[in-house]
2 protein chains.
Amino acid sequence: MEKYLQILREHGIKVTPQRLEILRFLDTHHTHPSAEDIFHELKKRNPSLSKTTVYNTIQSLMDHGLLISIVFSTHEARFDSVINHHHHLLCSECGKIIDIEVECPFTKEKITGGHRIDEVHGYFRGVCKDCLRKGGK
Amino acid sequence: MEKYLQILREHGIKVTPQRLEILRFLDTHHTHPSAEDIFHELKKRNPSLSKTTVYNTIQSLMDHGLLISIVFSTHEARFDSVINHHHHLLCSECGKIIDIEVECPFTKEKITGGHRIDEVHGYFRGVCKDCLRKGGK
DNA sequence: GCCTCATTTTGTAATATTTACAATCTGATA
DNA sequence: TATCAGATTGTAAATATTACAAAATGAGGC
């Protein structure tokens, strides 16, 4: 059985071609795409695709813990289907969002300062390795 | 000399009544207000205030390191004039943004995984102390 | 294999935040 | 006080996201 079909069924999400394609795209492009990126790319092969469907599917995948949103600015959200815990760096030179694999102490504490912590997201700003090599500041 | 006048002058920001009021509001209301919150509150005393001025001033204060934006969703940005390093928790019960004072190891590492880190922001989701006491889940 | 129904997709329109821009106004220096 | 660069204002534009209703479709039962 196809991988993405199985994932949707395991999570009780009704299978549709649109959802399969969006899930496949997210799983094969770990580039932190925006909703527009997903829409624009998948519309090439499925011209009838609606942007509302992209947003609906994104919401559905997030509700089932298959997707997280990365929000660096109010301008747009970016998405990541890699759920294992890691942080994100926005490079001020090239604008790319880079995965930062670090052990974060707060992911293990469930209570901090009396508050219950369910999710931990680390947002970094700086200059990525590649831009530094190219003579970044 | 008034405190806020001094802050603006020290940072080479031309002093205007609007900037003074916005800075004063941010410094006396650590409630992580939105641009709309600031505008709505200050318009009471200065009806000619423009929302563009609020955005311009916010941008200016951010450029000079006097303000940071807190972005939990693309819906709206919230602002915080407390610059000393701390993280933020969005309570899923009451919707408030709570300051989390913790020592974060990444604030000290300037290079992680080959990337240069300039800023570290911790975003937490969970349930705040007050809501837990009131019988939150 | 076909019917039925609940769910999904689609497309348009609405919402809301933020930005662009030009005219007017004003703070700071000489 | 006069000057002028920079700030404020208001309107309008840009853009991401959400709301909604009609048409289409996936999945289970006969």
Side-chain angles (χ1 to χ4, degrees), chain A residues 1-2 4-23 25 32-64 67-79 95, chain B residues 1-2 4-23 25 32-40 42-64 66-79 95:
Chain A
M1 194 199 300
E2 196 203 359
Y4 305 110
L5 195 67
Q6 193 176 349
I7 292 173
L8 291 180
R9 285 194 180 151
E10 278 173 359
H11 287 82
I13 305 173
K14 191 185 267 189
V15 176
T16 68
Q18 291 86 345
R19 287 176 174 174
L20 279 172
E21 283 304 315
I22 291 169
L23 184 55
F25 181 82
H32 314 98
S34 65
E36 169 63 29
D37 292 336
I38 299 167
F39 173 71
H40 181 259
E41 190 60 29
L42 297 184
K43 199 170 178 67
K44 290 180 186 170
R45 313 185 88 216
N46 174 10
S48 79
L49 180 66
S50 164
K51 199 172 275 189
T52 303
T53 297
V54 174
Y55 277 106
N56 285 342
T57 300
I58 283 170
Q59 188 59 55
S60 179
L61 295 177
M62 288 201 295
D63 289 346
H64 288 84
L67 190 67
I68 56 171
S69 70
I70 307 169
V71 183
F72 265 99
S73 80
T74 59
H75 178 59
E76 65 175 9
R78 309 280 292 267
F79 301 96
Chain B
M1 193 197 301
E2 198 203 359
Y4 305 110
L5 195 68
Q6 191 176 350
I7 291 173
L8 291 179
R9 287 196 178 150
E10 278 173 359
H11 286 82
I13 305 173
K14 192 185 266 189
V15 175
T16 68
Q18 290 85 347
R19 288 175 174 173
L20 280 171
E21 283 303 316
I22 291 169
L23 185 55
F25 181 82
H32 314 98
S34 65
E36 169 64 27
D37 292 336
I38 298 168
F39 174 71
H40 181 257
L42 296 185
K43 200 171 177 64
K44 291 179 186 170
R45 314 186 89 218
N46 174 10
S48 78
L49 180 66
S50 164
K51 199 173 274 188
T52 303
T53 297
V54 174
Y55 278 105
N56 285 342
T57 301
I58 283 170
Q59 188 60 55
S60 179
L61 294 176
M62 288 201 296
D63 289 345
H64 288 84
L66 293 168
L67 190 66
I68 57 171
S69 70
I70 306 170
V71 182
F72 265 100
S73 80
T74 58
H75 178 59
E76 64 173 9
R78 309 279 292 267
F79 301 95

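Quick note: numbers below take in every heavy atom, side chains included, and nothing from hydrogens, waters or symmetry partners. In what follows, chains are A, B, ... by sequence order, proteins preceding strands, each numbered from 1.
Taking the side chain of B/H75 as heavy atoms from C-beta on, and the options C/dT9, D/dT18, C/dT17, the nearest nucleotide is C/dT17. In this structure, of D/dT17, D/dT8, C/dT9, it is D/dT17 that holds the atom nearest to the side chain of A/K51. Across D/dA16, C/dT18, C/dT8, the shortest atom-to-atom separation from the side chain of B/A35 is found for C/dT18. Of the candidates D/dA16, C/dT8, C/dT19, D/dA16 carries the atom nearest the A/E76 side chain, counting heavy atoms from C-beta on. Listed candidates were C/dT18, C/dG27, D/dT9. Nearest to the side chain of B/V15 is C/dG27.
Counting only distance, with no hydrogens or angles, the side chain of B/N56 and the backbone of B/T53 share no donor-acceptor pair below 3.5 Å.
Summarising the geometry, the separation between CZ on B/F39 and P on C/dA16 is reported as 15 Å, rounded to the nearest angstrom. If you take CG of B/L8 and C1' of C/dT26, they are 16 Å apart, rounded to a whole angstrom. If you take CG of A/L49 and C1' of C/dT10, they are 9 Å apart, rounded to a whole angstrom. Taking atom CZ on B/R9 and atom P on D/dG6, their separation rounds to 18 Å, with Å as the unit. For the pair B/I13 CD1 and C/dA28 C1', the computed distance is 16 Å after rounding to whole Å. In this structure, the NE2 atom of A/H40 is 14 Å from the P atom of D/dT15, given to the nearest Å. At whole-Å resolution of the value, CZ in B/F72 and P in D/dA16 are 23 Å apart. Following rounding to the nearest Å, A/F79 (CZ) and D/dA16 (P) show an atom-to-atom distance of 12 Å.
One finds the NZ atom of A/K51 at 12.5 Å from the CG atom of A/L42 (value rounded to the nearest 0.5 Å). To the nearest 0.5 Å, the span separating CD1 on B/I22 from CZ on B/F79 amounts to 10.5 Å.
Applying the 3.5 Å distance criterion, the base of D/dA19 shares a donor-acceptor pair with the side chain of A/T52.
Open room surrounds NE2 on B/H40; 12 or fewer heavy atoms of other groups in view lie less than 6.0 Å from it.
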Check your understanding: Given A/D37 and A/S34, is the side-chain hydrogen bond (donor to acceptor under 3.5 Å, both in side chains) satisfied, shown in steps?
Key -> CA-CA 5 Å; A/D37 292 336; A/S34 65; 3.1 Å; yes

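Along DNA chain C, the nucleotide nearest A/P17 and the nucleotide nearest B/P17 are compared for position; the residue whose nucleotide lies closer to the 5' end is A/P17. DNA chain C is contacted by both B/R78 and B/K14; B/R78 maps to the nucleotide lying nearer its 5′ end (nearest heavy atom per residue). Annotation: of the two residues near DNA chain D, B/V54 and B/T74, the 5′-most nearest-nucleotide partner is B/V54.
Heavy atoms of B/T53 sit under 4.0 angstrom from at least one base atom. Note on A/S34: nothing from the nucleic acid sits closer than 4.0 angstrom, heavy atoms only.
In this structure, B/Q59 does not reach the C/dT18 phosphate: none of its side-chain N or O atoms is under 4.0 Å from OP1 or OP2. Close to D/dG26, at under 4.0 Å from its OP1 or OP2, lies no side-chain N or O of A/R19. In this structure, A/S50 does not reach the C/dG11 phosphate: none of its side-chain N or O atoms is under 4.0 Å from OP1 or OP2. For B/Y55 and C/dT18, the shortest distance from a side-chain N or O to OP1 or OP2 is below 4.0 Å.
Between B/T57 and B/T16 the shortest side-chain heavy-atom distance does not fall below 4.5 Å.
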